[in-house]
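Sharing a structure with you now.
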Amino acid sequence: MADAGNKQSQEAYVPYEETKLYRIRHSTAHVMAQAVLELFPDGKIAIGPPIENGFYYDFDLGADDEGNPLSFTPEDLDAIERRMREIIKGNHSFEYRQVTAEEARDLYRTQPYKLELIDGLAVGGIDEYGEETSEEAIISTYKHDTFEDLCRGPHVEHTGQIPPDAFKLLSVAGAYWRGDENNPMLQRIYGTAWQNKKELKAYLHMLEEAKKRDHRKLGKELNIYLFDDEIGPGLPLWQPNGAILIEELEQLAREQEARHGYERVRTPHLAKESLFLRSGHLPYYEESMYPAMDLEGTRYFVKPMNCPMHHKIFAAQQRSYRDLPIKYAEYGTCYRYEKSGELFGLMRVRSMQMNDAHIYVSEDQFEAEFLDVIDMYIEYFEIFGIEKYIMRFSTHHRNGLGKKYVDNERLWLKTEEMVRKTMNNSGIPFVEVPDEAAFYGPKIDVQVWSATGREFTLATNQVDFAVPARFGLVYTNSEGEEETPLCLHRAPLSTHERMIGFLIEHYAGAFPVWLAPEQVRVIPITDSHVEHVAALARRLREEGIRAKADLGSDRMNAKIRSAQLMKVPYMVVIGDREVENNALALRKRDGSRQDDMPVEEFATLLKERIQTRSALL
RNA sequence: GCCGAUGUAGCUCAACCGGCAGAGCAACGCUCUUGUAAAGCGUAGGUUAUGGGUUCAAGUCCCAUCAUCGGCUCCA
């Protein structure tokens, strides 16, 4: 996600690490750590890097008498911020020096986290963030005032170069040491820092604006979905407006999939344990599954994915190479037991409907079919005007073989190379990220961001080299021999939940006409027009347009306001003139108006917009 | 799941150091009959998330549970 206030879009690209802003943020983190240690002399410091829009620093403040970890209070943050400004005023210079491992161990003899970092650096191969590195490790520190931190820099020259009115401590959060949930939890302070007060204000303003398009806020205001305590966390209820969004997306998927040669199937929500043992879900995925239901001595599980069911349909008939590719699509309903703290509005739920399909291909069909899926992504993204995304190529990591990943390194490397080659041939930009694959194969994910800046996988295109064999899936090749197909799992429209959560934010609730739950609101000027208004709304509905008449007791102005707040694309106002001329006064959501429009013309225009899924208002 | 914060009417929020739970909007009723973002008056609406505890007295203090939010971990 681009920095707010980043004005260098057209200029030569400078890596973040080399910018002044990076040095300011890094230095502010050091100043904060000094302030914290002054206020909490027994505190232990971990790491404190610059991040997008700011910085953080992790601390261990020890535990209370009962062993509960101590944390920062909001008042502590105020005190820390005040002390930071005093330190900045001192104009202390940042002094770099290289030290030997022995010197470093002595310097940080009371800092266990630093000692662990030094061990990583001294042995080599592990940098301060716990990442593997091939660089030869140099141990260095930066010192300003009384604070000397194990650090490779870079920093500003002296603390006076940190603008004292352009940073702010934002929040306290728990974070595991080295990002591993088996490690102790540290207390992290997040801060933001900028080159001047104006940039800081702009950033804080942008955060406020982002909150306004948060799908959780808009989802409630626009009556799209809700959660109910008695239903359960992560289990959304779709209100009528949400159900319309779902049905429009399904209709879009149906049309696109038919065009691309898919067939629809339907499968149950539950299956016996043996199915998920065979598929590998129980060995590799059980912690994300709802626990078993035990019925008459048989264990049943709710499905977390649709693939095993589709494999059974593939297996039910003899297959020839002439039949391939076979593409089974289903908006399947799946349940995944996400940990309670991982739930996030519609973006991360426990019940979901996936835009799922499984494509069974021979090896020589792989490239064309894989690209056909990528093409489909792009078709969808054009319809929605989605421009900000990255394609992420997720591969396995050797350490996870047999645990996170099926244990066949040869096929991992082979299929990863197939994907890499396909993507390179296509010319579509992508980034490769190790250790993010599915348990059964590598994948291309499309990463997007929520309004509040959180990154999500929206669409996915996954290779499965493992599970078809486990199901004994075969087709007869042209030589008359049996071969196991590869399977592509793909979900270009994500799940309804995540897609709609994303679209709410993407459009800030102002959906294009074809998606808008309510397309037209017809508003009478006085009570004498009520009957005509009701008839007009009915007439539009008969044409397949989602129109509602506002027959309440409000005045016309109030009715327009409430339609605006619900982001209804078209408001139609009816008074004496319109009744007389069989016309309407059109007001669009953007405030533009068109008076005396013949009803026929309006209906035709609207139907054209809807049918072409136009982005135009 | 972990660290921290929060939970008052359908929504947004008040309620001092523990002392009768309140407002705006929405809903409902009446009046007005209106030309492009809020007419006026009135009525109703609450076991203060849930369950315990302390106290003469608890929205307020304590404990537990549930949910949500900011992160971590994890992910479509």
Side-chain angles (χ1 to χ4, degrees), chain A residues 56 58 61 68-74 170-190 211 214 216-217 220-221 223 226-230 232-234 285 287-288 304-305 334 336-349 352-356 394 404 436 438 443 445-446 448 452 454-460 462 489-499 501-502 523-530 552-565 571-578 585-589 591-593 595:
Chain A
Y56 67 79
D58 288 343
L61 300 182
N68 299 313
L70 291 169
S71 185
F72 297 101
T73 64
L170 296 176
S171 60
V172 182
Y176 298 108
W177 167 235
R178 295 203 139 154
D180 185 334
E181 63 183 325
N182 300 310
N183 285 341
M185 181 155 270
L186 308 173
Q187 306 303 320
R188 173 173 298 178
I189 299 178
Y190 280 99
K211 279 186 200 157
D214 189 313
R216 292 166 299 182
K217 181 174 158 67
K220 186 186 281 185
E221 288 171 1
N223 299 326
L226 56 94
F227 290 105
D228 182 278
D229 277 2
E230 224 166 345
Y285 202 74
E287 64 172 32
S288 296
M305 297 184 194
C334 296
R336 296 182 185 173
Y337 198 84
E338 308 289 352
K339 293 183 200 164
S340 55
E342 294 167 351
L343 300 173
F344 178 67
L346 279 181
M347 301 296 217
R348 194 73 181 278
V349 292
M352 70 207 81
Q353 273 187 278
M354 286 205 284
N355 174 227
D356 212 356
S394 300
K404 282 169 75 175
E436 292 285 341
K443 56 180 181 171
D445 289 329
V446 178
V448 297
T452 47
R454 224 184 281 207
E455 183 176 336
F456 283 94
T457 298
L458 191 67
T460 187
Q462 313 180 341
H489 306 233
R490 44 108 274 183
L493 286 178
S494 192
T495 60
H496 282 320
E497 289 72 18
R498 188 168 289 180
M499 190 71 195
F502 174 79
I523 296 169
I525 290 177
T526 77
D527 287 352
S528 63
H529 310 116
V530 158
S553 61
D554 282 331
R555 289 164 75 224
M556 175 203 63
N557 284 290
K559 290 181 179 185
I560 286 173
R561 180 179 147 83
S562 70
Q564 285 283 159
L565 290 175
M571 284 148 273
V572 159
V573 177
I574 298 296
D576 289 339
R577 229 169 35 230
E578 288 73 22
L586 175 63
R587 177 198 166 95
K588 294 185 185 177
R589 182 170 59 197
S592 66
R593 284 174 55 180
D595 290 340

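Note: hydrogens, waters and symmetry copies are ignored here, and every other heavy atom, side chains too, is used. Within every chain, numbering begins at 1; the chains are lettered A, B, ... in the order of the sequence lines, protein sequences first and strands thereafter.
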What residues form a side chain to side chain donor-acceptor pair (under 3.5 Å) with A:Ser528, not counting sequence neighbours?
A:Thr526
By the 4.0 Å heavy-atom rule, please label A:Thr495 as base, sugar-phosphate, or nothing.
base
Partner residues of A:Ser592 under the side chain to side chain donor-acceptor pair (under 3.5 Å) criterion, sequence neighbours left out
A:Asp590
With sequence neighbours excluded, tell me which residues meet ring pair (Phe, Tyr, Trp, His ring centres under 6.0 Å) with A:Tyr176.
none
Ignoring hydrogens and angles, answer whether the base of B:C3 and the side-chain atoms of A:Arg188 contain a donor-acceptor pair closer than 3.5 Å.
no
Sequence neighbours left out, what passes ring pair (Phe, Tyr, Trp, His ring centres under 6.0 Å) with A:His489? Give chain and number order.
A:His358, A:Tyr440
Please list, pair by pair, any protein nitrogen or oxygen found under 3.5 Å from a nitrogen or oxygen in nucleotides 65-69 of chain B.
| unit_1 | atom_1 | unit_2 | atom_2 | d |
| --- | --- | --- | --- | --- |
| B:C69 | OP1 | A:Arg216 | NH1 | 3.1 |
| B:C69 | O3' | A:Arg216 | NH1 | 3.4 |

How is A:Ala491 classified with respect to the nucleic acid when contacts are heavy atoms under 4.0 Å: base, sugar-phosphate, or nothing?
nothing
Note, RNA chain B 5' to 3' with Watson-Crick or G-U pairs under 3.5 Å encoded as ( ), [ ], | and . gives (((((((..((((.....[..)))).(((((.......))))).....(((((..]....))))))))))))....
Closest to the side chain of A:Leu565, out of B:G1, B:A76, B:A37, is B:A37
By side chain to side chain donor-acceptor pair (under 3.5 Å), which residues pair with A:Lys404, not counting sequence neighbours?
A:Asp435
Taking side chain to side chain contact (heavy atoms under 4.5 Å, CB included) as the definition, give me every residue that meets it alongside A:Tyr285, ordered by chain and number, with sequence neighbours left out.
A:His281, A:Ser288, A:Met289, A:Pro304, A:Met305, A:Arg336, A:Phe439
Please list, pair by pair, any protein nitrogen or oxygen found under 3.5 Å from a nitrogen or oxygen in nucleotides 41-47 of chain B.
none

Residues at least two apart in sequence or cross-chain that pass side chain to side chain contact (heavy atoms under 4.5 Å, CB included) with A:Leu343, listed by chain then number, are A:Pro233, A:Glu338, A:Arg350
With 3.5 Å as the limit, what N/O pairs link the protein to nucleotides 32-36 of chain B?
| unit_1 | atom_1 | unit_2 | atom_2 | d |
| --- | --- | --- | --- | --- |
| B:U33 | O2 | A:Asp527 | N | 3.2 |
| B:U33 | N3 | A:Asp527 | OD2 | 2.8 |
| B:U33 | O4 | A:Asp527 | OD2 | 2.6 |
| B:G35 | O6 | A:Asp576 | N | 3.3 |
| B:G35 | O6 | A:Arg577 | N | 3.3 |
| B:G35 | N1 | A:Glu578 | OE1 | 2.8 |
| B:G35 | N1 | A:Glu578 | OE2 | 3.3 |
| B:G35 | N2 | A:Glu578 | OE1 | 3.2 |
| B:G35 | N2 | A:Glu578 | OE2 | 2.5 |
| B:U36 | O3' | A:Arg587 | NH1 | 3.3 |
| B:U36 | O2' | A:Arg587 | NH1 | 2.8 |

Under the side chain to side chain donor-acceptor pair (under 3.5 Å) rule, collect the residues that match up with A:Ser171, sequence neighbours excluded.
none
